[in-house]
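A short worksheet on the structure shown next.
Order of the sequence lines sets the chain letters (A, B, ...), proteins ahead of strands, with each chain counted from 1.
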Number of protein chains: 2
Amino acid sequence: MCGPMRGAVIGALLYEGRAKTAAEAEVLAASGTIRFSPCHEHSAVGPMAGIISPSMPVFVLKNEENGNHAYSTMNEGLGKVLRYGAYGPDVIERLKWMETVLYPALKKALAKAGRVDLKNIIAQALNMGDEVHNRNRAATSLFYRALAPAIVRTSPQPERAASVLEFINSNDHFFLNLSMAASKVVLDPAAGIKSSSIVTVMARNGTDFGVRLSGTGDAWFTGPAPVPDALFFPGFTKEDANPDIGDSAITETGGLGGFAIAASPAIVQFVGGSSQDALDYTLQMYEITAAENGVYRIPSLDFRGTPTGIDCVKVVEKGILPFIDTGVAHKKPGIGQVGAGVLSAPAEPFEKAVAGLAARLRR
Amino acid sequence: MCGPMRGAVIGALLYEGRAKTAAEAEVLAASGTIRFSPCHEHSAVGPMAGIISPSMPVFVLKNEENGNHAYSTMNEGLGKVLRYGAYGPDVIERLKWMETVLYPALKKALAKAGRVDLKNIIAQALNMGDEVHNRNRAATSLFYRALAPAIVRTSPQPERAASVLEFINSNDHFFLNLSMAASKVVLDPAAGIKSSSIVTVMARNGTDFGVRLSGTGDAWFTGPAPVPDALFFPGFTKEDANPDIGDSAITETGGLGGFAIAASPAIVQFVGGSSQDALDYTLQMYEITAAENGVYRIPSLDFRGTPTGIDCVKVVEKGILPFIDTGVAHKKPGIGQVGAGVLSAPAEPFEKAVAGLAARLRR
């Protein structure tokens with residue numbers, strides 16, 4: 001396990017009360033008594049280290065057309081947070097507040113507000129400068145607007161409601177975990193189609209980059225994860241960066257994030273790019289996808305639908321790799337986020353996946 | 001006075017309790033006992049009919065650098081509303097609710113929250129698909145996010161706070177009156193510079209289109225207001241449309257709205273335009289402006305500052321007329337909004353203004 005994931009595991013064991021110190025948690029984590037499993041094997045997603053431990057509340061998303069569900073944790077904010085491998089007392093305290101204040105407030109508000117249409121929010125956010133991976137300001141705002149009255153009406157005390165509103169308002173990435181789960185819940189039903197070369201999962205664990213295809217069952221095809229190009233926070237450089245990590249590339253797998261970056265030119269500015277570069281990245285992604293989204297559209301491309309459904313065969317044939325937006329974690333446990341940037345997926349997992357699909361077709 | 005303004009005057013007299021019926025109000029309005037005066041002559045702005053009557057609460061904006069203030073009413077929402085000339089019982093009831101519930105809630109919340117930086121909100125909104133004239137979804141969201149916790153904390157009852165949040169959430173144009181007043185408060189200090197051909201006001205009253213220059217004192221230069229090209233609501237056509245109306249062209253005067261339409265390609269779609277058209281309209285406005293804004297920037301133009309400070313001499317010399325986004329009112333009183341669209345300002349007021357400035361320089 002890479003540094004930030006080790007840090008997040010330490011934090012989760014402290015949060016769960018399974019260890020009293022980081023040293024104790026490390027021993028426990030290495031003892032073989034803790035079971036680890038990828039989120040994606042449980043219809044779940046988590047950004048960066050992506051740790052979901054038994055007591056963490058999750059959002060439950062429903063795909064109304066197919067009846068399946070997806071799950072994600074709630075976003076903690078930026079900086080020193082569990083998903084970037086930090087595990088100090090402030091991190092654990094925040095997680096406890098999220099469990100005991102934020103989660104009950106959202107649960108009651110959602111019950112009162114009824115159905116919240118995330119597809120509609122994402123479609124609007126793409127018209128408002130978000131690609132809902134590295135920019136979630138608009139989607140967070142729209143989600144906040146939709147729920148705030150119900151949060152106020154169902155809260156036992158106004159002060160508690162205000163603290164929940166402030167927590168969401170303080171974090172423009174609050175929606176990220178929802179855009180990830182919204183992508184997951186749409187992609188899961190695409191799995192298991194015989195002969196299909198469509199990519200249903202791209203995920204990174206900070207060491208390897210893995211993909212799954214619709215036509216190759218539960219198999220993971222992996223290769224080493226690259227280190228992203230990034231805008232680093234003051235005092236940090238690419239030397240500090242962990243290789244790419246997290247389930248958030250599920251947004252690109254669903255045609256959002258880097259695939260929709262034309263909607264969000266502010267992101268390529270991070271790494272010195274122009275708004276034309278942002279258009280070009282999205283235009284390239286049409287080359288490796290099977291369809292254009294009928295609901296998610298890009299204003300600066302005359303409301304063309306986002307490039308959706310990565311065809312692994314096209315990726316390998318054309319040598320065009322998926323373009324991914326990402327956050328960057330420090331490679332050591334306990335430090336946290338050091339930047340944000342972009343990268344192209346590595347070729348190896350896609351090459352192996354095509355070979356895997358071919359082998360299956362020859363059977 | 002044009003139809004929608006007559007409707008709004010009737011509504012304001014009913015709201016103020018100065019008349020019991022529309023017929024009574026019409027007689028009173030025509031009697032000579034009611035004084036009418038342009039908002040702009042009182043550091044104020046109002047969209048469309050722009051009626052501000054004595055009991056209506058207003059936002060008070062401060063230009064911190066110059067110390068001056070500007071005022072605007074609060075936005076009522078869409079459809080049958082006073083500013084579009086409607087005056088039915090629902091319109092009056094809503095205005096009373098705004099006076100007795102919305103205004104006290106916002107006043108207390110603003111006192112608690114302290115300074116709200118509208119310049120910052122507008123700068124962000126331009127990165128989020130708004131040009132803050134015909135699109136205010138992002139700016140409304142950001143304003144809502146900034147104030148919601150304080151509204152909750154200062155409200156006597158949670159239900160009252162929730163009703164205020166719902167009112168703002170139901171109206172993506174809530175911020176419009178603030179973007180107008182923010183433009184007004186910035187432009188007013190530009191008035192009174194000797195020889196300056198910079199336009200400090202563009203306004204329409206549904207009959208005439210008027211401009212004021214920095215170097216020509218209180219003089220208005222006017223010409224007939226044109227009828228906008230628009231997307232009309234079902235059942236209405238250009239035949240129903242009143243000529244262009246309202247103080248909202250103060251946003252264009254300040255480099256926003258139609259001048260920043262490259263930030264908001266959804267608006268040119270209303271009238272069949274492409275995202276390239278939106279870029280082109282903004283690029284043209286650089287031809288007739290004196291500067292580029294250092295804070296308000298357009299993502300799709302590589303974050304170039306918005307074209308700011310219309311130079312009346314350039315307008316007349318180059319024959320390029322200011323491009324304005326606008327709502328469209330029915331030409332008869334009492335009906336309300338029938339569409340939204342765009343138009344070019346008429347040439348006559350600008351030609352007269354240049355002549356007026358020249359006459360003053362010859363004195």
Side-chain angles (χ1 to χ4, degrees), chain A residues 109 112 124-130 135 137-172 174 262-269 273-279 297-304, chain B residues 109 112 124-130 135 137-172 174 262-269 273-279 297-304:
Chain A
K112 185 166 185 83
Q124 289 189 64
L126 290 171
N127 291 342
M128 296 171 71
D130 284 1
R135 249 187 97 99
R137 181 170 288 168
T140 297
S141 302
L142 296 172
F143 182 76
Y144 179 102
R145 279 175 63 175
L147 272 193
I151 290 171
V152 174
R153 287 203 171 101
T154 57
S155 174
Q157 304 134 8
E159 182 52 37
R160 187 168 270 230
S163 73
V164 166
L165 294 178
E166 268 174 351
F167 181 80
I168 303 176
N169 184 41
S170 70
N171 174 18
D172 277 328
F174 191 79
S264 202
I267 291 172
V268 294
Q269 262 217 333
S274 67
S275 53
Q276 186 62 48
D277 293 333
L279 291 176
R297 295 173 181 280
I298 296 173
S300 57
L301 292 174
D302 281 328
F303 297 90
R304 186 172 176 185
Chain B
K112 183 161 186 88
Q124 289 190 63
L126 290 171
N127 291 342
M128 295 170 73
D130 284 2
R135 250 186 96 99
R137 182 171 287 167
T140 297
S141 302
L142 296 171
F143 182 77
Y144 178 104
R145 279 176 62 174
L147 271 193
I151 289 171
V152 174
R153 286 204 171 98
T154 57
S155 174
Q157 304 132 9
E159 181 52 38
R160 186 167 270 231
S163 74
V164 166
L165 294 178
E166 269 174 351
F167 181 79
I168 303 175
N169 184 41
S170 70
N171 175 18
D172 276 328
F174 191 78
S264 203
I267 291 172
V268 293
Q269 260 217 333
S274 68
S275 54
Q276 186 61 48
D277 292 333
L279 291 175
R297 295 174 182 279
I298 295 173
S300 57
L301 292 174
D302 280 327
F303 298 91
R304 186 172 176 184

Most heavy-atom pairs under 4.5 angstrom with chain A, which of [options]?
| options | result |
| --- | --- |
| G129(B), S275(B), G273(B) | S275(B) |
| R153(B), Q269(B), E159(B), E166(B) | R153(B) |
| A278(B), A146(B), A266(B), A262(B) | A266(B) |

By a 4.5 Å heavy-atom criterion (distance strictly below it), what part of [X] contacts chain A: side chain, backbone, both, or neither?
| X | answer |
| --- | --- |
| Q157(B) | neither |
| S274(B) | both |
| I151(B) | neither |

Closest non-hydrogen atom pair, Y144(A) against A148(B): OH-CB, 3.3 Å
Closest non-hydrogen atom pair between V152(A) and P158(B), with its separation: CG1-O, 3.4 Å
Qualifying residues under side chain to side chain donor-acceptor pair (under 3.5 Å), relative to D172(B), sequence neighbours excluded: R145(A), R137(B)
Rounded distance [0.5 Å steps], CE in M128(A) versus CD in Q124(B): 11.0 Å
